[in-house]
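The structure under discussion appears below in the form of structure tokens.
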Amino acid sequence: MTTAHRQVELRFNAVDIDRKWQERWERDGIYRVSDDDPRPKWFEMTMYPYPSGDLHIGHWYAMAPSDAHARFRRMQGYNVLHPIGFDAFGLPAENAAISRGTHPYEWTMSNVENMRRQLRSIGAIYDWDREVVCCLPEYYRWNQWFFIKLYEKGLAYRARAPVVWCPSCQTVLANEQVLNGVCERCDTPITRRDFEQWFFKITDYADELLDFASLEDWPEKILAMQRNWIGRSAGVEIGFDISDYNIEEREIRTFTTRIDTIFGVTFLALAPEHPLVEKLTAEHRRAEVQAYIDQARAASEIDRLSAEREKTGVFIGAYARNRLNNESLPIYIADYVLTTYGTGAVMGVPAHDQRDYDFARKYRLPVRTVIAPIDWDGREPAEAYLGPGFMTNSGAYEGMTDEEGMAAIANDVERRGWGRRAVTYRLRDWLISRQRYWGTPIPMVYCEDCGVQPVPEADLPVLLPEDAEFRPTGESPLAINDLFVNTVCPNCGGPGRRETDTMDTFMDSSWYMLRYCTPQYGDGPYEPKIASQWMPVQQYTGGAEHAVMHLLYSRFFIKSLRDMGLLQIDEPFLRLFNQGVILGSDHEKMSKSRGNVVNPDDVIEQVGADAVRCFLMFIGPWDQGGPWSDEGINGIVRWLNRLWVMVEHDPAPLDDRPTDPAAVRDTQRILHRTIRKCYDDLDKFKFNTTIAALMELVNHLSKVWNDQSVDSATWRECVDKFLLMLAPIAPHVAEELWEQTGHGYSVHQQPFPAWDEELTAEDELTLVVQVNGRLRDRISVPASLDEAEAKMRALDSQRVQTHIDGKTVRKVVYVPGRLVNVVVG
RNA sequence: GCCGAAGUGGCGGAAUGGUAGACGCGCCGGUCUCAAAAACCGGUGGGAGAAUAUCCCGUGUCAGUUCGAGUCUGACCUUCGGUACCA
């Protein structure tokens, strides 16, 4: 740390202690997890890191508290699986290859090596025998295996689609990887390209993914984000007649959630990419229409998606007929209509949709109110009316409420075959292809005669060739590797060409929790019996940024495995906790340019792992994040010093002095209350108040030591139980002091202390006395006091009498053990 | 705009509808010291007051429910996060 403040020094050599115990734990394998253990299982995971090369303080903020929680579960008697691994495929490795000439494998594995060392320095209970590194063939071969299973099940398909393209990463992206029109990785505005790509049919699961009933405890925020992302809309798909034109199609289909406004349609608008545009555009309009399409294509996604932008469009010189009232409607193309949503065509209802209203105003199209608000004056509105009302200008449906009209029209439309009720989702299928090298090769072969053929299971894995040229060409580097590309067709034995795209890395993270169960298993992605013992993950922790990517994909993945009979669970993660973001001491996001980055390696060099662990947990509620503070960590260092000194006291001489029974009772009560508090708070990830309670205990014990007021047995009990409570949060210091106080190894194989409810009870308590709800006195009373006596004592209080002062006492409220409120008036 | 979370001392933050500010940082005073640091002891929301007497004010704003509201209800304001031409 380079700041100017004074650094409090530790009284013990934390670095040596960290090393000593980390080596010992490793040597003895005390964190090795057995699959057949009679204790109840607890599977708790934190999102595995990307091996960027350096573990930063944000990683610590994710890992250290989750480790403390997992350790607490261990001490509660669970067989805890709290594994770690590396999300080792992905673009940064390849970009490093392009800029520095290092092979992605070398770059990644040397980063993994360094981060293993850094992760060990946290002192977590990771069982390194279960580590998962998903860029290794023994991992990714199962990506390929799953891919083929999904393909056989019809859940993986290849299609030509206007897909999202990042011109900088030179690859397609999934919709989920686009944020406000820019690539989530490099912030480059995205464009669209028509490509043949592989997709997973996540949309088949849209409805089930909206059902969160079997989840036990997920943050509402994540559920809301997934709900919005899936974007389920129920409505009606309805056709508008174009049978006058001499083309194959008889109608233009549109989707609407407001079929009740069908009589208010005054135009149709198609997405510029809509396939009917070409066929319907009148000759005299063709030049203008083409110009508009070209312009729309050239516009960046950001511009097209901006809601503030003026609505534009072009009349294509054709008309469609509204079958409900036989009106003829002009057909426009407009870039506010998205080709990717619904049918790519909308029925324009200016009176009841703001976008349609804006468009109609600009092109002087009629605005016809068909849902009348209760106080409607019959005039044309100044903006679209979206509220409830009565049907008007609506033929046979006149006078119905909008709700009644919606049902009646939907029924009639269905009966006459003009359309049908339909549900549309915002969710698109998961685009899995990437035109990059550093990922899992998609195990497919193209044959002139047999078409697309999956690679047979026995031939897996399709190895990623070591030699590749890294040039940002927009084509997968694998495509220029003839040795890789040219193969034989698994079906006919003739010449075949391999698929050269690789898989999105979210494939890896969709099932890594399963691999942790049996990481060395060779006959399948996981050993089914053991995996079903461990799964589902009972507690998952990680950042909220994965809400609609990893967390949605892995839910889909598990459900599809279930439907293929490979698993019997519905959800991968039962409980989810999102930790917040650790900020710099200036309360800003950490960044090199701000100079507020904290390097954990430097800090543990000075104060040890436990001080960092404790400080990160002490800052505030884990889900809220908070600012790092170089001064703040001094408080923790002081505390560690004080508890160290306290534990080292030899209590034997205490017995040479008379003890104070009241102090002994107080001390026991405080100890047992602390145990109860820590137990409850650790359970709920409330680490800050856990540590505060332990600090209070230390403060009390220091005072007791100064007074020499308790016997040695009481003292020893307090110290022992304190160390057990300290163990999950400061494992090294707790282990060292556990040894120094003459206990057997290891503190981490002890149960969490239990509290005695009777000992937590006060025998004397402070009763608060209020007059009209305002605090006026505190009186000390025996805990056994009954209501009548409590009220009497309260009214006897001199201070209370002053405030009653002749007024009438109307009521006396008594809250047992807490307060008396005298109501006067 | 919509969705989610949050607004409490100088700072990070505590408070099953019942003593607002636990715990820690910082600051102030003291002990120790030649001196400083560290350590230890004490104090520390604001105001009036000689006061460790007593009183008043105080949890974003305004209402409400209640004997009693940081906590519950309604309306707003602000900040942060997410998302957005989704028909």
Side-chain angles (χ1 to χ4, degrees), chain A residues 5-6 8-9 11 179-181 219-225 227-229 231-233 235 254-258 261 269 304-309 311 334-338 340-349 352-356 358-359 424-427 544-545 547-548 578 580-581 585 587 615 618-621 623-636 638-639 641-642 645 686 688-696 698-699 702-703 706 766-778 799 802 810-815 817-825:
Chain A
H5 77 282
R6 295 184 298 266
V8 175
E9 301 240 335
R11 316 179 74 104
L179 302 174
N180 295 322
E220 183 50 44
K221 172 185 166 178
I222 303 292
L223 301 185
M225 283 165 78
R227 221 177 268 127
N228 291 340
W229 186 261
R232 183 183 198 276
S233 294
T254 67
F255 173 77
T256 179
T257 53
R258 291 296 304 273
T261 64
R304 262 192 82 170
L305 291 179
S306 166
E308 278 96 75
R309 196 160 141 261
K311 306 279 174 287
D335 67 3
Y336 79 91
V337 181
L338 306 176
T340 50
Y341 184 79
T343 61
V346 304
M347 56 180 226
V349 186
H352 304 291
D353 181 286
Q354 193 56 44
R355 294 154 302 179
D356 297 345
D358 296 342
F359 190 81
T424 299
Y425 300 91
R426 187 178 173 279
L427 183 71
E545 66 275 15
V548 296
N578 289 129
V581 177
S585 46
H587 292 53
F615 178 65
F618 187 62
I619 291 174
D623 55 351
Q624 280 171 38
W628 176 266
S629 161
D630 289 331
E631 288 89 41
I633 200 168
N634 275 342
I636 292 292
R638 272 188 206 116
W639 180 59
N641 280 339
R642 292 179 55 201
V645 169
K686 291 167 73 174
N688 57 330
T689 48
T690 301
I691 294 176
L694 290 174
M695 285 175 169
E696 284 184 79
V698 171
N699 290 346
S702 300
K703 193 166 154 292
N706 284 344
T766 304
L767 203 58
V768 167
V769 186
Q770 301 178 332
V771 177
N772 286 347
R774 299 173 71 102
L775 176 72
R776 293 305 177 191
D777 202 1
R778 292 165 227 246
R799 296 196 180 105
T802 322
R810 300 196 183 279
K811 190 172 171 183
V812 182
V813 178
Y814 174 63
V815 181
R818 286 214 169 259
L819 62 71
V820 175
N821 186 13
V822 181
V823 184
V824 299

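Since the model is a prediction, treat every value here as computed from it, not as a measurement. Letters A, B, ... are given to chains in the order of the sequence lines, protein chains preceding strands, and every chain is numbered from 1.
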Problem set entry | Residue matched to B:U65 through Watson-Crick or wobble contacts both under 3.5 angstrom | none
For this session: Taking atom C1' in both B:G13 and B:G45, compute the distance separating them and give it to the nearest angstrom.
Result: 15 Å
Problem set entry | Inter-nucleotide P distance (B:A15, B:U8), Å rounded | 15 Å
For this session: Calculate the interatomic distance between A:Y425 atom OH and B:C86 atom P; express it in whole Å.
Result: 19 Å
Exercise. Over how many whole Å does the gap from A:N688 atom CG to B:C11 atom C1' extend?
Worked result: 16 Å
Seminar exercise, completed: Of all heavy-atom pairs linking A:I222 and A:A547, the shortest is CD1-CB, 3.8 Å
Exercise. Nearest of B:G24, B:C86, B:G68 to any side-chain atom of A:R642?
Worked result: B:G24
For this session: Could you tell me whether A:R776 contacts a base, only the sugar-phosphate backbone, or nothing, with contacts defined as non-hydrogen atoms closer than 4.0 Å?
Result: sugar-phosphate
For this session: Report which part of the nucleic acid A:P219 touches: base, sugar-phosphate, or nothing (heavy-atom distance under 4.0 Å, all strands).
Result: nothing
Exercise. Reckon A:D356 touches a base, only the sugar-phosphate, or nothing at all at heavy-atom distances under 4.0 Å?
Worked result: nothing
For this session: Return the nearest nucleotide to the side chain of A:R11; candidates are B:C85, B:A39, B:A87.
Result: B:A39
Exercise. Side-chain N or O of A:N228 less than 4.0 angstrom from OP1 or OP2 on B:C86?
Worked result: no
For this session: Give a yes or no answer on whether the side chain of A:N772 reaches the backbone of A:V824 with a donor-acceptor pair at less than 3.5 Å.
Result: yes
Problem set entry | Distance, P atom - from B:C11 to B:A69, rounded to whole angstrom | 26 Å
Problem set entry | Residue A:H587, side-chain atoms from C-beta onward, closest of B:A20, B:G26, B:C11 | B:C11
For this session: Find which nucleotide of RNA chain B each of A:D353 and A:E9 is nearest to by heavy atoms, and output the residue with the more 5' nucleotide.
Result: A:E9
Exercise. Considering every strand shown, what is the Watson-Crick or G-U wobble mate of B:G1 when both distances are under 3.5 Å?
Worked result: B:U83
Exercise. Do we see a donor-acceptor contact under 3.5 Å between the side chains of A:N699 and A:R642?
Worked result: yes
Problem set entry | Span that lies between the C1' atom of B:A39 and that of B:G21, in whole angstrom | 27 Å
Exercise. Just checking A:V823: base, sugar-phosphate only, or nothing, at a heavy-atom cut-off of under 4.0 Å?
Worked result: sugar-phosphate
For this session: Just compare B:C67, B:A38, B:G82 and give me whichever is closest to any side-chain atom of A:V8.
Result: B:A38
Exercise. A:K686 side chain: which of B:C25, B:C85, B:A15 is closest?
Worked result: B:A15
Exercise. Is A:S629 touching bases, backbone alone, or none of the nucleic acid, heavy atoms closer than 4.0 Å?
Worked result: nothing
Problem set entry | Nearest non-hydrogen partners of A:K311 and A:F359, listed with the distance | CB-CD1, 3.9 Å
Exercise. To the nearest angstrom, how far is A:D358 atom CG from B:A87 atom P?
Worked result: 16 Å
Problem set entry | Watson-Crick or G-U wobble mate for B:G70, both contacts under 3.5 Å | none
Problem set entry | Heavy-atom closest contact (A:G342 atom, A:F255 atom, distance) | CA-CB, 4.5 Å
Exercise. Between B:G49 and B:C40, how far is it from one P atom to the other, in whole Å?
Worked result: 37 Å
Problem set entry | Span that lies between the C1' atom of B:U33 and that of B:A38, in whole angstrom | 11 Å
Seminar exercise, completed: In Watson-Crick or G-U wobble terms, with both distances under 3.5 Å, the base opposite B:C55 is B:G47
For this session: May I ask you to decide if A:V769's main-chain N or O and A:D777's side chain share a donor-acceptor pair within less than 3.5 Å?
Result: no
For this session: Could you give the distance separating B:U44 and B:A22 at their P atoms, to the nearest angstrom?
Result: 10 Å
For this session: Taking syn as within 90° of 0 and anti otherwise, name the glycosidic form of B:G9.
Result: syn
Seminar exercise, completed: Of the listed B:C86, B:C85, B:C11, the closest approach to the A:L338 side chain comes from B:C86
Seminar exercise, completed: Any strand, both distances under 3.5 Å, Watson-Crick or G-U wobble: B:G10 pairs with B:C25
Seminar exercise, completed: Here the distance between atom C1' of B:A69 and atom CZ of A:R774, to the nearest Å, is 14 Å
Seminar exercise, completed: In whole angstroms, the gap separating P of B:G12 from CG of A:N634 amounts to 18 Å
Exercise. What nucleic acid atoms does A:Q770 come within less than 4.0 Å of, heavy atoms only: base, sugar-phosphate, or nothing?
Worked result: base
Exercise. Using 30° and 60° as the class limits, which term best fits the ring planes of A:F615 and A:W628: parallel, tilted or perpendicular?
Worked result: perpendicular
Exercise. Of the nucleotides B:C85, B:C3, B:G24, which one has an atom closest to the side chain of A:A224?
Worked result: B:C3
Exercise. When you match A:L775 and A:T689 each to their closest nucleotide on RNA chain B, which lands nearer the 5' end?
Worked result: A:T689
For this session: Choose from B:G18, B:C11, B:C85 the nucleotide whose nearest atom is closest to any side-chain atom of A:R818.
Result: B:G18
For this session: For side chain to side chain contact (heavy atoms under 4.5 Å, CB included), just list the numbers for A:T261 and A:M347, CA-CA rounded to whole Å, side-chain angles, deciding distance to a tenth of an Å, and then say yes or no.
Result: CA-CA 10 Å; A:T261 64; A:M347 56 180 226; 3.7 Å; yes
Seminar exercise, completed: Taking a pair to mean Watson-Crick or G-U wobble geometry with both distances below 3.5 Å, B:A39 pairs with B:U31
For this session: Using a cut-off of strictly less than 4.0 Å, decide whether A:R810 has a side-chain nitrogen or oxygen near OP1 or OP2 of B:C67.
Result: no
Exercise. For the base of B:C3, is there a side-chain donor-acceptor partner from A:K221 under 3.5 Å away?
Worked result: no
For this session: Round to a whole Å and report the spacing from CG of A:N578 to C1' of B:A5.
Result: 12 Å
Exercise. Picking from B:A87, B:C86, B:A22, which would you name as closest to the side chain of A:R426?
Worked result: B:C86
Problem set entry | B:G17 pairs with, by Watson-Crick or G-U criteria that keep both distances under 3.5 Å | none
For this session: Examine B:C25: is either OP1 or OP2 under 4.0 Å from a nitrogen or oxygen in the side chain of A:R638? Give yes or no.
Result: yes
For this session: Whole angstrom is fine here: how far is it from CG in A:N706 over to P in B:C40?
Result: 10 Å
For this session: Measure from CG on A:L819 to C1' on B:A20 and round the result to the nearest Å.
Result: 14 Å
For this session: For nucleotides B:C28 and B:U79, find the distance between their C1' atoms and express it as a whole number of Å.
Result: 33 Å
Exercise. At their closest point, which heavy atom of A:T257 faces which heavy atom of A:S233, and how far apart are they?
Worked result: CG2-CB, 3.9 Å
Problem set entry | Nucleotide nearest A:V815 when distance is taken to its side chain, options B:A15, B:C85, B:G18 | B:G18
Exercise. Does the A:N641 side chain pair with the main chain of A:E9, one donor and one acceptor, at a distance under 3.5 Å?
Worked result: yes
Exercise. Would you say the side chain of A:R227 and the base of B:U83 hold a donor-acceptor pair, judged only by whether the two atoms sit under 3.5 Å apart?
Worked result: no
